[in-house]
Amino acid sequence: MTCRAAIIDQFEDAADGVRVVSDFILPPLGDTDVEIAVVAAGVNPVDCLVRQGYGDPLLRRYGAPGFPRVLGCDVAGIVSAVGAGVDRFRVGDRVWAAVPPWRQGAYAERVRLPADWVAHAPTRIPLRDAAALPYAGRVVWQALAESAGLHRVRGQRLFVHAGAGGVGSIAIQLAVAWGHEIGSTCSTGNVSFLRELGATQVVDYTREQFDQVCRDYDVVFNTLAPDPPRWDERPHLRILRRGGTYVTLITPVMHLATLLGARPGLVLAGGLYWSTALWQRAVHARRYHWILFQPDGRTLAELASYVDDGLLRPVIRSRYPLEQVAAAQQDCERGHGRGKVMIDIGDEEALLADPASANRGEQ
Ligand SMILES: NC(=O)c1ccc[n+]([C@@H]2O[C@H](COP(=O)([O-])OP(=O)(O)OC[C@H]3O[C@@H](n4cnc5c(N)ncnc54)[C@H](OP(=O)(O)O)[C@@H]3O)[C@@H](O)[C@H]2O)c1
């Protein structure tokens, strides 16, 4: 089966190398797979990095496809087909998923994924908004719940570095829902936005350095990739109390795999990780975690209930049609703004009315 999709035929430094085709051939639908007719896809910084070939040796080890390659890690849509062994989903269900960067992605009319990575979408919001949450929501859950355990306690002081972005805005909302006190950073125009989300100590990074005004946080969550890449965690560790937890999305794993190849990159990254984690544990009694995205539908089911309970909402920075995918990626690559850049692909009502055939290209 074919469909309309935004693809690359080779790695592309510039976003305008991404082009829309009408005859992308979908991978086969496995017995445990779900096919989603896509309403919207979110744009994540990792999409732009994958476009450039970043981490490719590692992603290939996980089974990344060759070319043409569809980018995109966030999807919300309507189930349009299910594999023979799938009983949790039916054609016509409203669903969402986070697509790992080693799979054909979500900038397409159809995406096929293992059912275990998919969950029913929240009912309170339209799917075109819901698609802003899965990928960033899953990594926030990995970081703040699975690694820092913040969903089981209350009253911790959490610092979120870069609170206005796709990840940061979700982290603040979840931490507020769990009853924590939040400090965060952003530019001047986003200070009131972070206060509205619930942050109490907001540092405007254009005026102050957070490590000069923040102290003694229980948990520090780093979501800001420095440009050019360097792994200077001293400012974050400076504001973390003894016995606290540092958790970061900014790791050298993909970078080292790109430079050295998958195996040597992983070995060196593992050495860096364990030496730092052991030092932090031995000297400062701290826990130290790197987060690498792993897909998980159960987390998305949990996040859907937060949305439906009014505790989590998507923050949308901008929207583009699929034909303007290059502009969408350029917007994301600017690295500033509130929340998520979105790509609109299908119409929720039309797909609900005819999920198996609406918006479909050639058969
Ligand atoms: N390890 C993983 O598996 C994983 C998964 C997801 C994401 N990530 C990484 O996490 C990072 C964040 O992702 P995202 O989706 O949240 O990106 P994003 O939506 O593009 O967020 C960018 C945000 O960074 C803020 N920012 C820029 N410069 C800043 C500074 N000097 N200090 C504080 N804030 C600053 C911007 O706020 P202003 O507009 O106020 O400047 C903007 O809101 C990316 O590097 C991404 O690659 C890693």
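Note that ligands are numbered from 1 as they come in the structure, with each ligand's atoms numbered from 1 the same way. Only a predicted model underlies this, so the values are computations on that prediction, with no experimental measurement involved.
The other residues sharing a hydrophobic cluster with Met342 are Ile316, where clustering joins ILVMFWY side chains under 4.5 Å apart.
Applying the ring pair (Phe, Tyr, Trp, His ring centres under 6.0 Å) rule to Tyr205 yields no partners; only residues at least two apart in sequence or on another chain are considered. Residues satisfying the side-chain contact (heavy atoms from CB on, under 4.5 Å) test with Asp56, not counting sequence neighbours, are Phe11, Arg60, Arg69.
Listed as neighbours of ligand 1 are Pro45, Tyr135, Val139, His161, Ala162, Ala164, Gly165, Gly166, Val167, Thr185, Cys186, Ser187, Asn190, Tyr205, Thr223, Leu224, Ala225, Leu249, Ile250, Ile291, Leu292, Phe293, Arg317, Gly335, His336, Gly337, Gly339, each bearing a heavy atom under 4.0 Å from the ligand.
Ionic pairing of Arg338 and Glu196 is not present here: no N-O contact between side-chain nitrogen and carboxylate oxygen is shorter than 4.0 angstrom.
Tested against Val247 for a side-chain contact (heavy atoms from CB on, under 4.5 Å), the candidates Leu150, Ile291, Val220, Leu158 yield a single pass: Ile291.
Residues Arg215 and Arg241 form no side-chain contact, since every pair of their non-hydrogen atoms from C-beta on lies 4.5 Å or further apart.
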